[in-house]
Amino acid sequence: MSAYEKVSTARREFVRNSSLLIVCQIAGEILHISPAEAAQRSAPMRFFTDAEANALALLADSMVPGAAAAGVVHFVDSQLAGDPAESLLIARYFNVRPPYGDFYRGGLAALDAAARAKHRTSFSALRPAQALEMAASLFKGPPPGWKGPPAAVFYQCVRNDAVDVVYGTPAGFEALGVPYMQHILPPRAW
Amino acid sequence: MRSTHEPDVVIVGAGAAGSVYAAVLAEAGKSVLVLETGPARKLTDLYSSQIWARRLKWCPPHVEEGDSIGVNFNTGHGFGGAAVHHYAVWPRFHEDDMRMASKWGRGLDWPYDYRVLRPFYDQVQREVGVSGDAELEVWRPPGDPYPLPPVLVSNHGTVLHDGFAKQGLRTAPIQWPCCRERTTVVPRASGTGGVMLGVRSAPWPTRWSSICLELSKRAL
């Protein structure tokens, strides 16, 4: 094996082993799998209802294409099901008051109510273009009658969750062509 | 841990201030007991990951003042305190900042003015090592020049400088607590990267490590 091949292989190994793993229970078996694999295998939610999960997937995917397939819903769900002191969510950084589940649940409920007021259907039933328009409007201010956490903060948190899952890993850095420059790799090699 | 030893000094809080006090006293031969209510930290907890570094951030309870504005934003907690994971930008208060109530009718006045505080700013920057360009900071209140030269301005800093200059406004390199004279690169993967490389001051790597070293010497 040439020196180039060794470096290339080592890099592929690093990227392959450096995705976030979350805990899922599928068919009675406890598994540590990536959010993307959890989404692909439709692992059951630990915190969200199915309706909330569908709405979050559409919202995050409208902000960062590919977020749903990358497993953003399973990532957020796994964090909300755990201890807030161990949470990796950006909500913690943005000074959201724990438990963070109240923040997401309140935001998704308010978003659903806004969709029903404007389009007479649930948010998760919107067409992608309609979802994108509503997502973008959150950043400009709360829709009329909004009863949830500050709309712009909710927007910012969900968008950042999506960025975390799609681009926040060493694999994401690799895809962007940005050197990760790690010194201490985190547990489970995020 | 049970001990019958009576320390010379007890310090409550292993944060940015308590850590420096403890290190200075220990290096002077005093026995120091430091009490810290937050989680213990290891140097290996300072991961090169902006995402995992969020675990170093404050967790409840919130501390709030006035209009429900939380004051825990972006602070670390536990061993190392607020500065265990920080941006490390250390400007001085302006003289007017200490007279907000009498000058602007907002907040509270300090019980003393900047002249009383100044020698301690100078002492801290000597103790910790702060870089910057005092001459470019025309807005800086009186004080000793920075003990370390400024860090190199990044590309986006240069863009911001050019934009400000077009508006007739001035910029200066940030006031950065750092441990080396020639800091040229700050790793982009994480705010903890600069700490781990020893180019950014933080109480745990830069002060606690000196205490641990002192203790290990004495054990020998």
Considering all heavy atoms, the nearest A:Leu89-B:Arg54 contact:
O-CD, 3.7 Å

May I ask you to check whether over 12 heavy atoms, not counting those of B:Leu108, lie within 6.0 Å of atom CG?
no

Donor-acceptor pair, A:Arg92 side chain versus B:Lys57 backbone, under 3.5 Å?
yes

If you count heavy atoms of other groups shown closer than 6.0 angstrom to CG of A:Asp83, is the number above 12?
yes

Can you tell me which portion of A:Ile90 sits under 4.5 Å from chain B's heavy atoms? Options are side chain, backbone, both or neither.
both

Answer yes or no: does atom OH of B:Tyr21 have more than 12 heavy-atom neighbours from other residues, nucleotides or ligands under 6.0 Å?
no

Are more than 12 heavy atoms, taken from residues, nucleotides or ligands other than B:Tyr121, located less than 6.0 Å from that residue's OH atom?
yes

